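Because the structure is a prediction, the values reported are computed rather than measured. Atoms considered below: every heavy atom in the structure, side chains included; atoms not considered: hydrogens, waters and symmetry mates.
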Amino acid sequence: MIYIRDNKVPFMFDPWEHLGPKRRKLLEESWAGLFRENILPLLPVDQMTPFFDDEVGRHSKEMYTVLGTLILQQMHDLSDAATIQQLAFSDQWHYALDINSSSDKITYMCLKTLWKMRQIVTDNNLDTVLFNATTGSLANGFGVDTDKQRLDSMNIKSNMRRLGRIGIFTKTIHKFLVNLKRHHLELYEAIDKALVDKYFTDKSVKCFSQVRPSDSAKTLAMVSEDLFQLAQLFRDHPEVSNMTSYKLLLQVQEDQCKVTVGPDGQPEQIALKAPKEISSASIQNPSDPDAGYDGHKGQGYQVQVMETYSDEEDEEIKSRTLNLITYVKVEPANESDANAIIPALESTQERNLGPEEVLADSLYGSDNNCQDAEEIGVEVISPVMGVDPSGIKTLADFTYAEDQKMTACPNGYAPVKVKSKNKGYSAAFDSEHCLNCPFRDGCPVKQAKKYHYIHYDSKMLRLAGRRALEQTAEFKERYRYRSGVEATMSEYKTRTGVKRLRVRGLKAVRFCAILKAIGVNIFRATAVRKGRNRTSGASEGINIDCSAIFLIFKEHLTSVRGRFMKLFTPDSYFGLDELKLAA
């Protein structure tokens with residue numbers, strides 16, 4: 001049975017009065033106070049109800065506590081065992097999760113429960129739901145201006161070892177043999193013993209890491225042939241061919257090798273691909289087949305992060321402005337940044353957090369991306385990739401009419417004729433003018449038989465205009481705020497440990513990265529709230545809270561009750577009797 005506590009109902013007595021005013025103030029000003037007020041009440045606990053029965057079975061752990069614990073674990077980069085300890089004994093966690101009881105039912109969670117709840121959230125994409133809910137809450141609560149945002153990506157590593165080509169082959173074969181023995185013992189025993197002895201045990205697999213460089217080519221050919229033999233041996237066996245480890249064999253064979261097909265249409269021979277022919281989407285480690293490879297950043301995954309920013313120069317205003325992460329997406333490292341910006345803009349617009357302008361690297365700012373972003377009302381501010389091949393003078397130095405037809409060259413001469421063909425333009429200039437032009441050596445106009453010609457289209461004009469704009473002080477002033485996203489990436493890595501994770505697989509990596517981004521937002525919002533309280537603390541002290549009056553009245557009653565009970569203690573009672581007898 002699912003258990004959800006209504007944490008909007010206040011307690012009759014304050015469960016935290018034992019902390020004292022100073023420690024209580026520390027809790028309220030810390031991330032725990034912000035989590036309790038702004039995050040906990042809006043956690044989407046209703047999304048967990050389909051996975052539990054309303055009437056049958058024991059009560060589950062309280063859902064606000066479960067979802068809050070999952071966020072806090074990633075926020076503080078804790079292991080599962082450390083998470084259980086914090087939930088059981090930490091007053092800060094209890095305050096953040098609004099736990100007012102010290103019973104095991106509330107404050108204890110076994111590892112199996114933690115794993116099960118995390119699996120439910122991961123498998124059903126509820127990590128994204130958590131991020132959207134918390135981001136919306138902080139954006140509304142802190143009045144975040146989302147008109148200006150910036151986007152960048154960062155490489156992150158899962159808990160996998162970096163393997164060479166020999167390691168990929170041997171680990172894949174080892175994984176297949178272990179699973180084959182577990183599920184189909186009779187088929188495993190039918191394999192050549194010499195082949196099994198080379199790959200089955202961990203000790204035998206480790207021997208391949210000691211291969212001398214001079215023998216690496218020979219060893220690589222041998223292990224590729226062994227993998228090919230195993231793949232051919234079980235290709236017609238329906239149960240084995242459906243095993244995940246067998247499919248990994250075939251995938252590695254496709255990634256790393258060229259297979260020659262015989263006359264009967266069946267694979268006959270195998271040959272290794274050259275390193276340059278191997279795709280960046282190939283398997284990097286059979287333990288984590290979702291990971292990709294990037295030539296610049298290496299193996300693993302990459303996370304796309306978009307955040308708001310402020311161009312205010314006043315430091316006091318900056319301290320009270322929340323830079324909020326509005327978008328996070330995890331993908332294999334081989335994915336290009338050029339494909340990331342439009343999904344980011346569409347996602348934020350669906351949640352009413354969309355920007356009007358975005359700062360990004362040149363990879364994000366392709367002409368197609370800028371055009372697509374403009375259609376949905378967003379300006380992409382990004383440098384153009386590469387260098388203009390035109391020379392000293394570019395297309396931006398020419399003059400054009402409204403229909404993009406060229407009307408004059410940089411030296412002021414009009415073209416003899418301008419033709420439009422296949423969505424492009426061709427302008428012809430008098431050769432006599434061009435041969436005597438002082439800009440002749442650096443001009444994109446080229447000599448032909450009769451005239452000097454220049455060919456261009458709308459895309460070339462847009463790129464030339466953007467390159468010209470990059471040289472202006474206005475562009476440099478606007479674009480200089482893009483570098484601030486590097487500080488966000490640094491904070492993301494150092495505070496939450498997202499750079500190297502304890503998990504493998506795209507789903508698990510996505511879960512950790514998204515919840516750690518929530519943690520960054522919480523840390524930032526806490527700092528901003530402190531900055532706002534420092535500047536407006538005097539006015540806030542005037543507000544009168546009924547709960548505060550109740551606490552004062554309660555303390556007064558407790559004091560009176562204490563003095564009253566002293567009159568009727570056994571000692572005082574017998575003292576009065578003795579006085580009466582003496583009289």
Side-chain angles (χ1 to χ4, degrees), residues 43-45 47-52 63 66-75 77-80 83 111-135 153-163 171-172 175 179 242-245 247-248 251-252 280-294 297-306 325 327-335 339-340 343-344 347 492-493 496-520:
L43 292 180
V45 295
Q47 298 287 332
M48 300 289 286
T49 55
F51 310 104
F52 298 90
M63 285 296 111
V66 167
L67 296 182
T69 298
L70 293 177
I71 294 176
L72 296 183
Q73 178 184 14
Q74 300 303 326
M75 174 178 168
D77 192 26
L78 299 177
S79 65
D80 290 342
T83 301
L111 287 173
K112 186 176 180 181
T113 300
L114 180 63
W115 299 337
K116 181 63 177 179
M117 296 299 181
R118 184 164 58 212
Q119 183 181 6
I120 291 174
V121 173
T122 303
D123 292 344
N124 296 278
N125 294 333
L126 297 185
D127 42 20
T128 303
V129 178
L130 282 170
F131 179 80
N132 294 343
T134 56
T135 305
S153 66
M154 176 180 64
N155 180 263
I156 57 179
K157 308 290 184 182
S158 63
N159 189 22
M160 74 174 192
R161 182 183 176 186
R162 181 183 177 89
L163 297 177
K171 287 287 187 182
T172 305
K175 187 181 183 70
N179 288 335
N242 286 326
M243 291 172 56
T244 302
S245 56
K247 293 178 181 178
L248 282 176
Q251 185 63 46
V252 171
S280 59
S282 63
I283 291 178
Q284 306 299 308
N285 189 316
S287 298
D288 192 354
D290 295 328
Y293 178 79
D294 180 82
K297 300 177 182 178
Q299 296 177 335
Y301 298 85
Q302 68 181 10
V303 54
Q304 301 287 344
V305 177
M306 189 161 72
I325 296 177
Y327 176 80
V328 177
K329 183 181 180 182
V330 178
E331 54 196 11
N334 58 286
E335 294 291 334
N339 302 324
S347 174
Y492 197 16
K493 290 186 291 187
T496 68
V498 73
K499 185 66 176 178
R500 189 61 187 251
L501 302 173
R502 297 182 175 89
V503 296
R504 290 192 291 264
L506 179 60
K507 286 185 178 181
V509 171
R510 184 200 66 214
F511 168 85
C512 294
I514 290 179
L515 265 62
K516 288 178 185 294
I518 296 176
V520 173

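- Judged purely by atom type and a 3.5 angstrom limit, Gln74 has no side-chain atom pairing as donor or acceptor with the backbone of Leu72.
- Annotation for Arg161: atom CZ does not count as buried by contact number, only 12 or fewer foreign heavy atoms lying within 6.0 Å.
- When side chains are defined from C-beta on, Thr49 does not count as touching Met63, because their heavy atoms never get closer than 4.5 Å.
- Looking at every heavy atom in both residues, Gln299 comes nearest to Tyr293 through CG-CD1, 3.7 Å.
- Counting heavy atoms from C-beta on, the side chains of Ile283 and Thr172 never come closer than 4.5 Å.
- Taking the side chain as every heavy atom from C-beta outward, Val328 and Thr128 never approach each other to under 4.5 Å.
- To the nearest 0.5 Å, the span separating OG1 on Thr496 from CE on Met75 amounts to 10.0 Å.
- Between Phe511 and Val503 there is no side-chain heavy-atom pair separated by less than 4.5 Å.
- Side-chain contact check for Lys329 and Ser347: no donor-acceptor pair (N or O, by modelled atom type) lies under 3.5 Å.
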message: If you apply the rule side chain to side chain contact (heavy atoms under 4.5 Å, CB included), what do you find for Ile518 with Ile325, and how did you get there?
response: CA-CA 8 Å; Ile518 296 176; Ile325 296 177; over 6 Å; no
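- In Lys116, the NZ atom is not crowded: 12 or fewer heavy atoms of neighbouring residues, nucleotides or ligands sit closer than 6.0 Å.
- Taking the side chain as every heavy atom from C-beta outward, Met117 and Met48 approach each other to under 4.5 Å.
- In this structure, CG on Asp288 lies 11.5 Å from NZ on Lys157, to the nearest 0.5 angstrom.
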Intermediate values then yes/no, side chain to side chain contact (heavy atoms under 4.5 Å, CB included), Asp123 and Phe51: CA-CA 12 Å; Asp123 292 344; Phe51 310 104; over 6 Å; no
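- Applying the 6.0 Å contact sphere to CZ of Arg502 captures more than 12 heavy atoms from other residues, nucleotides or ligands.
- In terms of heavy atoms, Ala291 sits closest to Met160 at CB-CE, 3.7 Å.
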field: Chi angles and distances behind the side chain to side chain contact (heavy atoms under 4.5 Å, CB included) call for Leu67, Val121
entry: CA-CA 9 Å; Leu67 296 182; Val121 173; 4.0 Å; yes
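- We find the OG-NZ distance between Ser153 and Lys297 to be 3.0 Å, quoted to the nearest 0.5 Å.
- Pairing each heavy atom of Gly292 with each of Asn334, the nearest pair is CA-OD1, 3.4 Å.
- Residue Pro44 comes nearest to Leu130 through the heavy atom pair CD-CD2, 3.5 Å, listed as atom of the first residue, atom of the second, then distance.
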Steps toward side chain to side chain contact (heavy atoms under 4.5 Å, CB included) verdict (Asp77, Lys516): CA-CA 8 Å; Asp77 192 26; Lys516 288 178 185 294; 3.3 Å; yes
message: For a salt bridge (Lys or Arg N to Asp or Glu O under 4.0 Å) check, start with the C-alpha distance between Arg504 and Asp290, then their side-chain angles and the critical distance, and finish with the verdict.
response: CA-CA 9 Å; Arg504 290 192 291 264; Asp290 295 328; over 6 Å; no
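- When all heavy atoms are compared, the tightest approach of Val498 to Met154 is CG1-CE, 3.5 Å.
- Looking at Glu331 and Gln304, their side chains do bring a donor and an acceptor atom within 3.5 Å of each other.
- In this structure, Asp127 and Arg510 approach most closely via the heavy-atom pair OD2-NE, 3.0 Å.
- With a 4.5 Å cut-off on side-chain heavy atoms, Cys512 and Val330 do not count as touching.
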